[in-house]
Amino acid sequence: MSARPVKVIAVTGGKGGVGKTNVSVNLALALSKLERRVVLMDADLGLANVDVMMGLSPKMNIADVLAGNCGLRDVLIPVNEYFGIVPASSGTQEMTTLSVHEHAELIHAFSEFADDIDVLVIDTAAGISESVVSFVRAAQEVLVVVCDEPTSITDAYALIKLLNRDYHTTRFRVLANMVRSEQEGRNMFSKLQTVTDRFLEVTLQYVGAIPYDESVRKAVQRQAAVLEAFPKSKAALAYRQLAAKVEAWPVLNTPRGHLEFFVERLVRGN
């Protein structure tokens, strides 16, 4: 395993419909345009959607790696010189309930990439299943995506509470998605912060907002990232700004900053 720090970011939301996958894809792409070497892992192990969103047709996926049919490099789909995607399998129930050993195998497979990547982005499944919790706990940075739906704040809070109470995670970064104004994003954040400040011992950091933009919907219909399909759109600009912020987050040069840490946390967590 590499001793070189890798930034591991789990993108999560506590529920579906907040635009997590869109955030994961566009953030990973924007980081690759800053010449960061990025791998995006679709960790929605039973309902893969990163490949669908990108218009890709993977011949093999994570299920094949776990079955021992190939290595992770064999399933990696290059998007550009700096960015590759590890697709998940779709519609396979057993993938959503991996054993301790399988989780360990999957994450261990990432050791192949340890020297070749700067950032690993994990697009988690919706909800707060064991699989989501495993991946989020093993990551170094937790990016919680919220949108302006009453259930979004409640579900984000439930996820933060679970991770804080059961696993002592204390630091979360929050991104407001599909906002009508900058103020709306800040309001969403303060709603969430008001509740966490009252009941939990956690630190939330607001990392900004992605505006509601018709270009995003059009890009999804074209099976492309908005950053590629509409590079001058408001959403694309916001993703570039987000990537610049993420780029500035420190990589912890301790075991917590390595893929070993990711492996070790995942194995131990199960």
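Atom set for the values below is all heavy atoms of this structure, side chains included, hydrogens, waters and symmetry mates excluded. This is a predicted model, so every value here is computed, not measured.
- The CD1 atom of Ile77 sits 9.0 Å away from atom NZ of Lys59, with the distance rounded to the nearest 0.5 Å.
- A single hydrophobic cluster is seen to contain both Val195 and Leu192, as judged by linkage of ILVMFWY side chains at heavy-atom distances under 4.5 Å, directly or through other members.
- Contact detail for Val246 and Lys7: the closest heavy-atom pair is O-NZ, 2.8 Å.
- With Ser129 contributing its side chain and Ala125 its backbone, the two residues share no donor-acceptor pair below 3.5 Å.
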Practice prompt. I would like to know whether Asp123 and Lys20 meet salt bridge (Lys or Arg N to Asp or Glu O under 4.0 Å); could you show each step before the answer?
Written response: CA-CA 7 Å; Asp123 181 32; Lys20 237 175 2 59; 3.3 Å; yes
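- For the atom pair Gln193 CD and Ile153 CD1, the distance stands at 11.5 Å (nearest 0.5 Å).
- Distance alone, capped at 3.5 Å, is enough to place a donor-acceptor pair between the Asp213 side chain and the Lys234 backbone.
- Seen from the ring of Tyr82, Arg37 does not count as a face-on cation partner, given the 6.0 Å and 45° thresholds.
- Note: Ile210 CD1 to Gln241 CD = 8.5 Å, rounded to the nearest 0.5 Å.
- Formation of a donor-acceptor pair under 3.5 Å by the Arg240 side chain with backbone atoms of Pro231 is found in this model.
- In plain terms, the two heavy atoms of Leu40 and Ala28 that are nearest each other are CB-CB, 4.2 Å.
- Side chain of Asn26 to backbone of Asn22: a donor-acceptor contact under 3.5 angstrom is found.
- The shortest non-hydrogen separation linking Val146 to Ala156 is CG1-CB, 3.7 Å.
- Using a 4.5 Å cut-off on side-chain heavy atoms (C-beta onward), Asp51 and Asp42 make contact.
- Atoms OG1 and CD1, from Thr12 and Ile122 in turn, are 10.5 Å apart once rounded to the nearest 0.5 Å.
- In this structure the side chain of Leu56 reaches within 4.5 angstrom of the side chain of Ile85, judged on heavy atoms.
- Leu237 is not connected to Val216 by any chain of hydrophobic side-chain contacts under 4.5 Å among Ile, Leu, Val, Met, Phe, Trp and Tyr, and they are in different clusters.
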Item to complete: Could you give me the CA-CA distance, side-chain angles and deciding distance for Arg173 and Glu141, then say whether salt bridge (Lys or Arg N to Asp or Glu O under 4.0 Å) is met?
Response: CA-CA 7 Å; Arg173 303 197 190 250; Glu141 298 284 358; 2.8 Å; yes
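- A continuous path of Ile, Leu, Val, Met, Phe, Trp and Tyr side chains, each step under 4.5 Å between heavy atoms, connects Val65 with Leu76, placing both in one hydrophobic cluster.
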Discussion item. Using salt bridge (Lys or Arg N to Asp or Glu O under 4.0 Å), reason through Lys33 and Glu228 one step at a time and then give a plain yes or no.
Written reply: CA-CA 11 Å; Lys33 290 182 184 296; Glu228 295 275 69; 3.1 Å; yes
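- Counting only distance, with no hydrogens or angles, the side chain of Ser152 and the backbone of Asp148 share no donor-acceptor pair below 3.5 Å.
- A continuous path of hydrophobic side-chain contacts links Leu200 to Val174 [ILVMFWY only; heavy atoms under 4.5 Å].
- The shortest distance between side-chain heavy atoms of Tyr239 and Leu29 does not fall below 4.5 Å.
- A donor-acceptor pair under 3.5 Å is formed between the side chain of Thr124 and the backbone N or O of Val11.
- Counting only heavy atoms from C-beta outward, the side chains of Met41 and Phe135 approach each other to under 4.5 Å.
- The side-chain heavy atoms of Tyr157 and Thr154, taken from C-beta on, include no pair separated by under 4.5 Å.
- Side-chain contact check for Asn164 versus His168: every heavy-atom pair is 4.5 Å or farther apart.
- Put simply, the side chain of Glu184 gets close to the backbone of Arg180: a donor and an acceptor are under 3.5 Å apart.
- Hydrophobic clustering, with ILVMFWY side chains joined whenever heavy atoms are under 4.5 angstrom apart, keeps Met178 apart from Tyr206.
- Residues Val207 and Lys245 come closest through the heavy atom pair O-NZ, 2.9 Å.
- Atom-to-atom distance recorded for Ser24:OG and Ile9:CD1 is 9.5 Å, nearest 0.5 angstrom.
- Taken to the nearest 0.5 Å, the CD1 atom of Ile160 stands 10.5 Å off from the OG1 atom of Thr169.
- Closest heavy-atom contact between Gly13 and Val18: CA-CG2, 4.4 Å.
- Side chain of Asn61 to backbone of Val86: no donor-acceptor contact under 3.5 angstrom is found.
- Summarising the local packing, CD of Gln221 is surrounded by more than 12 heavy atoms from other residues, nucleotides or ligands at distances under 6.0 Å.
- Proximity of a side-chain donor or acceptor of Gln223 to a complementary backbone N or O of Val52 within less than 3.5 Å is detected.
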Item to complete: List the steps and the verdict of side-chain contact (heavy atoms from CB on, under 4.5 Å) for Val179 and Met188.
Response: CA-CA 9 Å; Val179 302; Met188 273 190 257; 3.4 Å; yes
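- With a 4.5 Å cut-off on side-chain heavy atoms, Lys161 and Phe199 do not count as touching.
- Residues Ala219 and Ala225 approach most closely at CB-C, 4.1 Å, considering heavy atoms.
- Electrostatic pairing of Asp116 and Arg73 counts as a salt bridge here, judged by a charged N lying under 4.0 Å from a carboxylate O.
- A 4.5 Å side-chain heavy-atom check between Leu27 and Val38 finds every atom pair outside the cut-off.
- Side chain of Asp74 to backbone of Gly71: a donor-acceptor contact under 3.5 angstrom is found.
- Defined by atom type and a distance below 3.5 Å, a donor-acceptor pair is present between the side-chain atoms of Asn80 and Ser32.
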Worksheet item: Is there a side-chain contact (heavy atoms from CB on, under 4.5 Å) between Leu163 and Val133 once you walk through the steps?
Response: CA-CA 7 Å; Leu163 288 159; Val133 171; 4.0 Å; yes
